[in-house]
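Atoms within a ligand are numbered from 1 in the order they appear, just like the ligands themselves.
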Amino acid sequence: MGELKQSAQIEKVNLLGLDRQGLADFFAALGEKPFRASQIMKWIHQQDVADFQQMSNISKSLRDQLDVLAEVKAPDVVLDELSDDGTRKWVLKLDDGNQIETVYIPESDRGTLCVSSQVGCALDCSFCSTGRRGFNRNLSTAEIIAQVWLATRLVDEEKKPGRKVTNVVLMGMGEPLLNFDNVVTAVHIMMDDFAYGLSKRRVTVSTAGVIPAMDKLGDVLDSRLAVSLHATNNELRDQLVPLNKKYPLEELIPACRRFIEKQNTRTRITFEYVMLDGVNDTDQHARELVKLLKGIPTMMNLIPFNPFKGSGYKTSSMKQVERFSQILIKSGMTTVIRRTRGDDIDAACGQLVGKVEDRSRRHRRFEEPRFGMYQ
Ligand code: SAH
């Protein structure tokens, strides 16, 4: 009895959160060889087996040990919604009651999974509804990878040709570079051939511009980087992306160059630019953008603003988005206008809110009208 009680108290290690090195260390502590790490990774991520007893190439005694010490556990799916355009959104409930969102976006040649990295977001970008709901905490590596693990299985279960997770973007809720270690470990798992085997071109980490972490990221990963730019001068960017006050444009742009220089292969930085009517979308802004990014290999993503209640912003007209993109294209910049996807199920950029027990008390500020400028 005493023994049972003791084993019930052991906090099990969730193996979803360990990359190959982490698993090798875990098995080393049990006196097992490092190759167990790749074996178990395959079972979990490729064969979709969470029950250790079914892992047939692992000895019975190790399976029994794993039952006591470890688990493969994903959050519960509390909502599973399919948009008219094929986009699918899941709301996941975490152990502490918070909820996060994950979105699958099918396109003709790929299936992109948009993954959250934090519960809420601390950055408070003025046009983003995630930010408005406040911030609670970082996601663990297991909670980040669980989104890929669940989505891969749920999309496979549809048995529809062409629907597969081929790309991952860390563009869901949160600022990935403020959850650096857990995000990097999660990306290792995404790229590991014994897990998801995604090539470096198919995993994108997105940031509002946390410069020291961008530098660190360039040292440890060669995934793609997306930078949420949204403005061409500090005055405007301070308002849209308050993080700019700490890391202004004259430091952000050189940091982008440094990131590129560290990559082994030729790569481009994706810049995201939300199109806000009358705020950052004039022809003049487009010309400033060309000047600002001169010499940086760029993939420009223009994102029509996805409205939400009380935002105080309007989406630029399609005509202006086109004009803006033409100015960029004529200057030689690769530019795409991101199609709004899944907005009927609130799955579009900046619409992911989950259910965040806000610890920043930010949402309270928004209960009262406050910002004269855009309202
Ligand atoms: N914090 C990271 C990851 C979030 S990615 C980052 O800032 O890059 C989500 C992207 O959607 C960001 O580029 C964000 O600025 C953009 N976005 C946020 N709210 C939006 C909205 N309402 N409409 C369109 N894009 C939005």
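Taking 4.0 Å as the cut-off, His230 counts as a neighbour of ligand 1 on heavy-atom distance. Not a single heavy atom of Cys121 sits closer than 4.0 Å to an atom of ligand 1.
The parts of Asn306 lying near ligand 1 are both backbone and side chain, judged by heavy-atom distances below 4.0 Å. Under 4.0 angstrom from ligand 1, the non-hydrogen atoms of Met171 come from both its backbone and its side chain. With a 4.0 Å cut-off on non-hydrogen atoms, Thr207 touches ligand 1 through its backbone and not its side chain.
Heavy-atom contacts of Ile303 reach the following atoms of ligand 1: 24 (C), 25 (N) (cutoff under 4.0 Å). Heavy-atom contacts of Val274 reach the following atoms of ligand 1: 23 (N), 24 (C), 25 (N) (cutoff under 4.0 Å). Those atoms of ligand 1 that come under 4.0 Å of a heavy atom in Phe127, given as number and element, are 15 (O), 17 (N), 18 (C), 19 (N), 20 (C), 21 (C), 22 (N). Those atoms of ligand 1 that come under 4.0 Å of a heavy atom in Ala208, given as number and element, are 6 (C), 7 (O), 8 (O). Within ligand 1, counting atoms from 1 as listed, the ones closer than 4.0 Å to a heavy atom of Cys128 are 18 (C), 19 (N). Contact atoms of ligand 1 toward Gly174: 1 (N), 2 (C), 3 (C), 4 (C) (distance under 4.0 Å to a heavy atom of the residue).
Atom 25 (N) of ligand 1 has Cys349 CB, 3.4 Å as its closest protein atom, hydrogens excluded (heavy atom only). When only non-hydrogen protein atoms are considered, atom 10 (C) of ligand 1 lies nearest to Glu272 OE2, 3.6 Å. Nearest protein heavy-atom neighbour of atom 19 (N) of ligand 1: Gly350 CA, 3.1 Å. Here the heavy atom of the protein found nearest to atom 2 (C) of ligand 1 is Glu175 OE1, 3.4 Å.
Considering all non-hydrogen atoms of both residues, Asn57 and Arg36 come closest at O-NH1, 3.5 Å. Nearest approach of Ser223 to Gln263, heavy atoms of both residues: O-OE1, 3.7 Å.
At least one N/O-N/O distance between Ser228 and ligand 1 falls below 3.5 Å. Residue contacts with ligand 1: Pro176 is placed with no nitrogen or oxygen under 3.5 Å of a nitrogen or oxygen of the ligand (distance criterion only).
For the residue pair Thr185 / His188, no side-chain donor-acceptor distance below 3.5 Å is found, with atom types taken as modelled. No donor-acceptor contact under 3.5 angstrom links the side chains of Glu143 and Asn182, judged on distance only.
Annotation: Glu235, atom CD; neighbour count of heavy atoms from other residues, nucleotides and ligands within 6.0 Å does not exceed 12.
Residues Arg88 and Asp80 are paired through a salt bridge, judged by an N-O separation under 4.0 Å between the basic side chain and the carboxylate. Asp67 and Arg63 are not joined by a salt bridge, as no carboxylate oxygen comes within less than 4.0 angstrom of a charged side-chain nitrogen.
Here Leu82 sits alone; no ILVMFWY side chain lies under 4.5 Å from its own, so it joins no hydrophobic cluster.
To the nearest 0.5 angstrom, Asp277 atom CG is 8.0 Å from Thr315 atom OG1.
Every residue was checked against the ring pair (Phe, Tyr, Trp, His ring centres under 6.0 Å) condition with Tyr104, not counting sequence neighbours, and none meets it.
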**Asked** Passes side-chain contact (heavy atoms from CB on, under 4.5 Å), Val72 versus Trp43? Steps please.
**Response** CA-CA 11 Å; Val72 178; Trp43 280 114; over 6 Å; no
